[in-house]
There are 2 protein chains.
Amino acid sequence: MSYTLSANEENIVRLVRTRGLISRADLSRESGLSKPIVSNIVSKLINEGAIIEKEIGASSEKGGKKPILLSFVSNYKYIVGVDVGGNKLIAILTDLDGNIINKVRKVTKGIKSKNALTEIIFQGIEEVITVDKTKILGVGIGVPGTTDIKNGFVYYMPAFELNDLPLGEIVSSHFGIPVMISNDVTVNALGEMSKGSAKNIRDLCLIAIGTGTGAGLILNGSIYCGSHNMAGEIGYMITDWNRENKSRNRTFGNYESWFSGNGLEIKVKEKLGLNLTTKEIFDNLEKSRDIKEIFLQGCEHLALGIANIITLLDPQMIIITGGVGYNQYSMILKHLMPFLEVIVPPEILKNISFNRGELGDLGVSVGGVSLIHDSYFLKM
Amino acid sequence: MSYTLSANEENIVRLVRTRGLISRADLSRESGLSKPIVSNIVSKLINEGAIIEKEIGASSEKGGKKPILLSFVSNYKYIVGVDVGGNKLIAILTDLDGNIINKVRKVTKGIKSKNALTEIIFQGIEEVITVDKTKILGVGIGVPGTTDIKNGFVYYMPAFELNDLPLGEIVSSHFGIPVMISNDVTVNALGEMSKGSAKNIRDLCLIAIGTGTGAGLILNGSIYCGSHNMAGEIGYMITDWNRENKSRNRTFGNYESWFSGNGLEIKVKEKLGLNLTTKEIFDNLEKSRDIKEIFLQGCEHLALGIANIITLLDPQMIIITGGVGYNQYSMILKHLMPFLEVIVPPEILKNISFNRGELGDLGVSVGGVSLIHDSYFLKM
DNA sequence: CCGTTAGTTAGTTAAAGTTACTAACAAACA
DNA sequence: TGTTTGTTAGTAACTTTAACTAACTAACGG
């Protein structure tokens, strides 16, 4: 945007956008602002290109001048969202309503240097932008690691074995536009809140089950990262101290023993001596009692972790997604809920809705778009 | 306040208050507002009684007119804070800086009716107000139960066996001033944040150990209540599933087995056949191996719960307070930390500060004051 | 040592711009 | 003719810039 919207201008844009088609007179009534100032703001916004006079409406039964109906121009600006994964990068270009205009995929597997990583991010962003670059509002990026959302700094990305990368500044100065960066799971939660299955939810816990397991938190309607940007690392949660305590030197940090792709694969290998992929494990659930038992133990663990999240945070919705969580959602939920029903009292459990991540593997990139949208355009 | 402060007026008041003594010229420089409008706002605020011209300052070495130093008038309005406990009620009257002007205690033990409870709250508030009633900004109340902070509704108070009490409205219409109500532990956390050991902390978990155990959460600098006003009920957290699962029908909800006054008393009775008060248990810790063992098991449990809080929320500070937690703080911390050091990696643990609740048994009432202060005067 | 002058700072006044409002009105329509 | 939309005109509130007065320090000359 060439200039920042004032509070009243934001309100008018918000109204035009949510109402779809609306006249100046109705805007005045709904915003509480006077008709002249609404006309004034509307003409500014038309000048900006943010809204247009779309069509002429109908008079009321009692007569009167026909209203000029205004409409939001969702493509007067664009946003780029990037999901930097350990195996692949997804970049999307969307309009202001989040409609995906273009999508680019890149392979990131094996990358271990800062230069190679930033280069591939540059390429992804460059290629996905098929519109006038001056119309790009910003780039929102989700990365698998510890980040500081305030300054776009990446502390640690185990997937690339990289430390201390000021990625926000690097990308921002390269393209000359605003860039925001946060943890991928957190960004995914934001995406589901704005465009997925958690619309109008203020307290959300998104559990991403992939190679590992992590949670993204939206609390009081805002991203929650914690004081050292480590909130939601539920892979380290403790639910069965005596058993865990006996079987290893330290629970806190024993990520892989959890319910996750990696965790299941290791358990199957250790206990059954089988080298199966996560997909193969799920394919053989009903065929092998031993595999099923390992899976059920995982589900119990997962249920205990979720019970603790419910206890501490009292969320309105819990979303399960991620590579494994999304693809195997119904299988997981089917076996997870019986455990939860034993652990959590029904009067509490019934108030919490469980959902599949509606956005699937676009969750993080869509969340990246939301990051920019909410900070540089409108917080809806 | 006779009128609501505008954003600029708030800024000026905030600056005068935090700087202590400041001239109009410095206010203009620090606020970014022009000198005339600062003078304008200052004269309004002097008229209101919120600030005064305190003294004449010194010129700089280079010469120039001496500045008139302005000062905040902390007692131009007053706030009432009320701690409604299961045994006693504490009401305090403070000025805008939180200085306690008056304090009243009432016995609430045995109260089981709505009328009796509201009557004693009325009395406490009435008696504590020793200043002109029109100078009272509002009343903030912490109650032991589930509440909706938005409308002052109390869903459930087990201590009084009461349900569905619109306490906020009852008290507000009786005194004709704003009233805010929230859960006592949550309010206590707010108190510690504004006036106690958690100043300038944005992510705080306060653990109140008394008859029972609960947590109050301040996340992103704001009170966090959860979607059904049940956040922080850590008495229900699960940390040792197999052991707990075997010994009872349901873990979730088995409050008393935890580390709490009640929990310890019951454990001592069950295992040792002794009818000891919590105080007697602590007094005999070093004399009885059996009591010590029960206490250490409690500490281990507490450590596991705290480890889970750290994992999920990554707080900056953890405060331990409450009837038991405050009085026995050093004893608890001494035996808690060794467990935590085993469970939580040192690089994570070192970033989290553990503190005693500085406000002691005034934590809730001071928090009630903060509730009103932050909503009706200034969010600092 | 004392009065004068230059330079600096505090706070006010005056003029002008911005943003909002109300009142009144023309255009369009049943 | 009455109703509704959207504009114009005039006004009020608030903020800014520019310029001012008042008050002070430091340094210099006699």
Side-chain angles (χ1 to χ4, degrees), chain A residues 1-16 19-48 50-73 378, chain B residues 1-16 19-48 50-72:
Chain A
M1 193 131 21
S2 45
Y3 75 108
T4 318
L5 295 177
S6 76
N8 284 341
E9 288 166 348
E10 278 205 11
N11 258 326
I12 296 297
V13 172
R14 211 187 316 272
L15 279 169
V16 172
R19 293 297 184 284
L21 283 170
I22 189 168
S23 67
R24 288 170 175 83
D26 277 343
L27 282 174
S28 168
R29 275 186 286 268
E30 298 210 26
S31 66
L33 295 170
S34 63
K35 289 199 288 177
I37 201 68
V38 166
S39 286
N40 197 346
I41 290 171
V42 162
S43 69
K44 264 191 202 168
L45 291 171
I46 288 176
N47 222 37
E48 258 297 294
I51 63 180
I52 49 164
E53 294 185 339
K54 188 77 172 268
E55 58 189 65
I56 303 295
S59 303
S60 77
E61 311 83 43
K62 299 183 198 165
K65 183 175 169 179
K66 287 180 176 168
I68 304 167
L69 299 180
L70 303 160
S71 163
F72 180 62
V73 180
L378 276 187
Chain B
M1 194 132 20
S2 46
Y3 76 109
T4 319
L5 297 177
S6 75
N8 283 343
E9 288 166 348
E10 277 205 10
N11 258 325
I12 296 298
V13 172
R14 209 187 318 272
L15 279 169
V16 173
R19 293 298 185 283
L21 283 171
I22 189 169
S23 67
R24 290 170 175 83
D26 277 343
L27 281 174
S28 167
R29 274 185 287 269
E30 298 210 25
S31 67
L33 295 170
S34 62
K35 289 201 287 178
I37 200 66
V38 166
S39 287
N40 197 345
I41 289 172
V42 161
S43 68
K44 264 192 203 168
L45 290 172
I46 288 175
N47 224 37
E48 257 296 295
I51 62 180
I52 49 163
E53 294 185 340
K54 189 75 172 274
E55 58 189 64
I56 303 295
S59 303
S60 77
E61 311 83 43
K62 297 183 197 165
K65 183 175 170 180
K66 286 180 177 169
I68 304 167
L69 299 181
L70 302 161
S71 164
F72 180 61

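As the structure is a computational prediction, the values presented were derived from the model and not from experiment. All chains are named by letter (A, B, ...) in the order of the sequence lines, taking the proteins before the strands, and each is independently numbered beginning at 1.
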Next on the checklist: In whole Å, I'd like the distance from the CD1 atom of A/I56 to the P atom of C/dA27.
Outcome noted: 16 Å
Item to check | Length of the CZ-C1' vector between B/R29 and C/dT8, whole Å | outcome: 11 Å
Checklist entry - A/R24 has an atom CZ; how far is it from atom P of C/dA27, in whole Å? => result 17 Å
Checklist outcome for this item: Here the distance between atom P of C/dG11 and atom CD1 of B/I12, to the nearest Å, is 12 Å
Checklist entry - Are the charged groups of A/E53 and A/R24 less than 4.0 angstrom apart, N to O? => result yes
Checklist entry - Do side-chain atoms of B/S28 reach the backbone of B/L33 as a donor and acceptor pair under 3.5 angstrom? => result yes
I'd like a table of atom pairs between the protein and nucleotides 21-24 of chain C - only N or O on both sides, under 3.5 Å - with the distance next to each one.
unit_1: C/dC21; atom_1: OP2; unit_2: A/S34; atom_2: N; d: 3.0
unit_1: C/dC21; atom_1: OP2; unit_2: A/S34; atom_2: OG; d: 2.7

Next on the checklist: What is the distance, to the nearest angstrom, from the CD1 atom on B/I68 to the P atom on C/dA10?
Outcome noted: 11 Å
Checklist entry - Considering only heavy atoms from C-beta outward, does the side chain of A/I37 approach that of A/N40 to under 4.5 Å? => result yes
Checklist entry - Quick one: does A/L69's side chain get under 4.5 Å of A/I56's, heavy atoms only? => result no
Checklist outcome for this item: Out of C/dG11, C/dT19, D/dT7, minimum distance to the side chain of A/K44 belongs to C/dT19
Item to check | Test item: A/L15 and A/D26 side chains (from C-beta on) under 4.5 Å apart, heavy atoms | outcome: no
Item to check | Of A/I41 and A/K66, the one whose closest DNA chain C nucleotide lies more 5' | outcome: A/I41
Checklist entry - With sugar-phosphate meaning primed atoms plus P, OP1 and OP2, does B/N8 contact a base, only sugar-phosphate, or nothing at under 4.0 Å between heavy atoms? => result sugar-phosphate
Checklist entry - In whole angstrom, what separates B/N40's CG from C/dT13's C1'? => result 12 Å
Next on the checklist: Using the rule side-chain contact (heavy atoms from CB on, under 4.5 Å), only one of A/I52, A/I51, A/V16 pairs with A/L45; which is it?
Outcome noted: A/I51
Next on the checklist: Does B/S23 reach a base, just sugar-phosphate, or nothing at all? Heavy atoms under 4.0 Å.
Outcome noted: sugar-phosphate
Checklist entry - Would you say A/L5 and A/I12 make side-chain contact, with heavy atoms under 4.5 Å? => result no
Checklist entry - For the pair made of NZ in B/K65 and C1' in C/dA10, what is the distance, rounded to whole Å? => result 5 Å
